There are 2 protein chains.
Amino acid sequence: MGTYQRPDGWEILGDPSRRAIVECLAERPRAVGELADTLPISRPAVSQHLKVLKDAGLVDDEAAGTRRVYRLNPAGVSALRDQLDMFWKRTLQGFEEIVEDDERNAVTEAPEQDEGKS
Amino acid sequence: MGTYQRPDGWEILGDPSRRAIVECLAERPRAVGELADTLPISRPAVSQHLKVLKDAGLVDDEAAGTRRVYRLNPAGVSALRDQLDMFWKRTLQGFEEIVEDDERNAVTEAPEQDEGKS
DNA sequence: ACGAACGGTAAGCTACGACTTACCAAAGCC
DNA sequence: GGCTTTGGTAAGTCGTAGCTTACCGTTCGT
C-alpha cells in the first residue's frame with residue numbers, strides 16, 4: 001500500500017543485505033567484488049542493492065580501472081537519518097515524557113479509572 | 001522480560017501500516033476498530049499487525065468491555081529506538097565527522113557531485 | 001589485438017509477507 | 001436468554017522483493 005507515504009528510508013534499510021552493505025561501506029570504500037566476497041550473496045545481487053542505494057543517494061560510485069569503487073555519500077546518509085528521526089519525533093511527540101516516567105517505574109500498571117473513549 | 005527474539009526493528013517498522021498504527025497509537029490509546037476505521041486496511045489486518053507489535057513489546061493491550069484498547073508501550077518503544085540507534089552509531093563511527101562536514105555544504109540537498117575523476 | 005578481470009543488466013524463480021473473507025469466542029445490552 | 005458488538009484466528013490469495021544464472025560491455029594487461 002503506498003497510501004501512506006512515498007518510499008522512505010525504512011524500505012531502503014529494511015533489507016539486511018542493504019544494511020550490511022552500508023555498514024561495510026562505512027568502514028571504507030569498496031569495490032563491488034569486495035562486497036560480494038564479504039557478503040553471502042552473489043555479485044549481481046550486490047550490484048542491484050548498490051543501485052538502490054545509489055538511487056537513494058546513499059552511495060557514490062567511482063570508476064577505478066575495471067573496478068568500481070563505492071562509498072557512502074555523507075549527505076545522503078545524514079538526510080536519510082534525518083528522515084527516520086522525523087518519525088520518532090512525530091511518534092514521541094508528547095509521549096516521551098510518559099516514556100521516561102514509565103521507565104522509572106518499570107511497571108506499566110498505571111492505575112487508571114478512566115477508560116472511556118474520546 | 002522480553003525473552004522473545006524480536007525480529008529486527010527494521011522489519012517491524014518496515015511496514016507502512018505498522019508505522020501508521022504506531023503513530024496513531026502515539027496520539028492516544030485506541031481500540032482495534034478505531035484503528036481499522038482510520039487505516040485503509042481491514043480489521044483483521046490491524047489485528048495481525050497489533051499482534052506483531054505486541055509480540056515485539058511495542059504495544060500493550062487492555063480489555064475494555066467488548067473492546068480491546070491498545071496503547072504504546074513506552075519501554076518497548078524506547079528500546080526499539082535504541083536498537084535502531086545502534087545501527088547508526090556503528091555505521092557512522094569514524095564517519096560522522098565527514099557527514100557533518102558534508103552537511104554544511106549540502107544542507108539544501110545538493111543534487112549530485114560531479115567528480116572529474118580521471 | 002586477444003584474453004582476462006570486473007561489473008552492470010535481463011530474465012526467471014522462489015519465498016515471504018500483507019491483505020482478504022469466513023468463522024468463532026467473549027462480553028455488553030435489551 | 002438471545003441479539004449485537006467487538007476482536008482474534010484460520011485459511012487462502014496475491015504481489016513483490018530478493019536472489020540466482022546467463023549474457024554482454026568495458027577496461028586493463030601482455
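Naming convention: chains lettered A, B, ... in sequence-line order (proteins, then strands); numbering from 1 in each chain. This one's a predicted model, so the numbers in the text were calculated from it and none came from an experiment.
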Restricting to nitrogen or oxygen on both sides, can you table the protein-nucleotides 16-21 of chain D pairs closer than 3.5 Å?
unit_1  : atom_1 : unit_2   : atom_2 : d
dG18(D) : OP1    : Asp15(A) : OD1    : 3.3
dG18(D) : OP1    : Arg18(A) : NH2    : 3.2
dG18(D) : OP2    : Arg18(A) : NH1    : 3.2
dC19(D) : OP1    : Ser17(A) : OG     : 2.8
dC19(D) : OP2    : His49(A) : NE2    : 2.3
dT20(D) : OP2    : Ser42(A) : N      : 2.7
dT20(D) : OP2    : Ser42(A) : OG     : 2.6
dT20(D) : O4     : Gln48(A) : NE2    : 3.0

- May I ask you to verify if any side-chain N or O of Arg67(A) is less than 4.0 angstrom from the OP1 or OP2 atom of dC6(C)? yes

- Query: OP1 or OP2 of dT6(D) sitting under 4.0 Å from any side-chain N/O of Tyr70(B)?
  - Reply: no

- Message: Does atom CZ (Arg68(B)) have a neighbourhood of more than 12 heavy atoms from anything else shown, all under 6.0 Å?
- Response: yes

[X] has an atom [atom1]; how far is it from atom [atom2] of [N], in whole Å?
| X | N | atom1 | atom2 | result |
| --- | --- | --- | --- | --- |
| Asp55(B) | dG8(D) | CG | P | 14 Å |
| Glu62(A) | dG7(C) | CD | C1' | 15 Å |
| Leu50(A) | dG7(C) | CG | P | 10 Å |
| Leu35(B) | dC19(C) | CG | P | 13 Å |
| Ile12(B) | dG17(C) | CD1 | C1' | 14 Å |
| Asp37(A) | dA5(C) | CG | P | 15 Å |
| Ile21(B) | dG7(D) | CD1 | C1' | 14 Å |
| Lys54(A) | dG7(C) | NZ | C1' | 12 Å |

Ignoring hydrogens and geometry, is there a side-chain-to-backbone donor-acceptor pair from [X] to [Y] under 3.5 Å?
| X | Y | value |
| --- | --- | --- |
| Arg18(B) | Ile12(B) | yes |
| Arg43(A) | Gly33(A) | no |
| Glu34(B) | Ala31(B) | yes |

- Query: With a 4.5 Å heavy-atom cut-off, do Arg71(B) and Val59(B) have their side chains touching?
  - Reply: no

- Item | Validation row: His49(B), Leu35(B) side chains within 4.5 angstrom (heavy atoms) | no

Using the rule side chain to side chain contact (heavy atoms under 4.5 Å, CB included), only one of [options] pairs with [X]; which is it?
| X | options | value |
| --- | --- | --- |
| Val46(A) | Val32(A), Asp37(A), Thr38(A) | Val32(A) |
| Leu72(B) | Val22(B), Leu53(B), Ile21(B) | Val22(B) |
| Leu80(B) | Leu58(B), Asp8(B), Asn73(B) | Leu58(B) |

- Message: When you group the ILVMFWY residues by side-chain heavy-atom contacts below 4.5 Å and let the links chain together, are Phe87(B) and Val52(A) in the same group?
- Response: no

Short heteroatom pairs, N/O only, protein and nucleotides 25-30 of chain D, under 3.5 Å:
none

- To 10°, what angle do the rotation axes through the five end pairs on each side of the helix from dA1(C)-dT30(D) to dC30(C)-dG1(D) form? 20°

- Query: Could Asp61(B) and Lys54(B) be called an ion pair, given the rule that one side-chain N must be under 4.0 Å from one carboxylate O?
  - Reply: yes

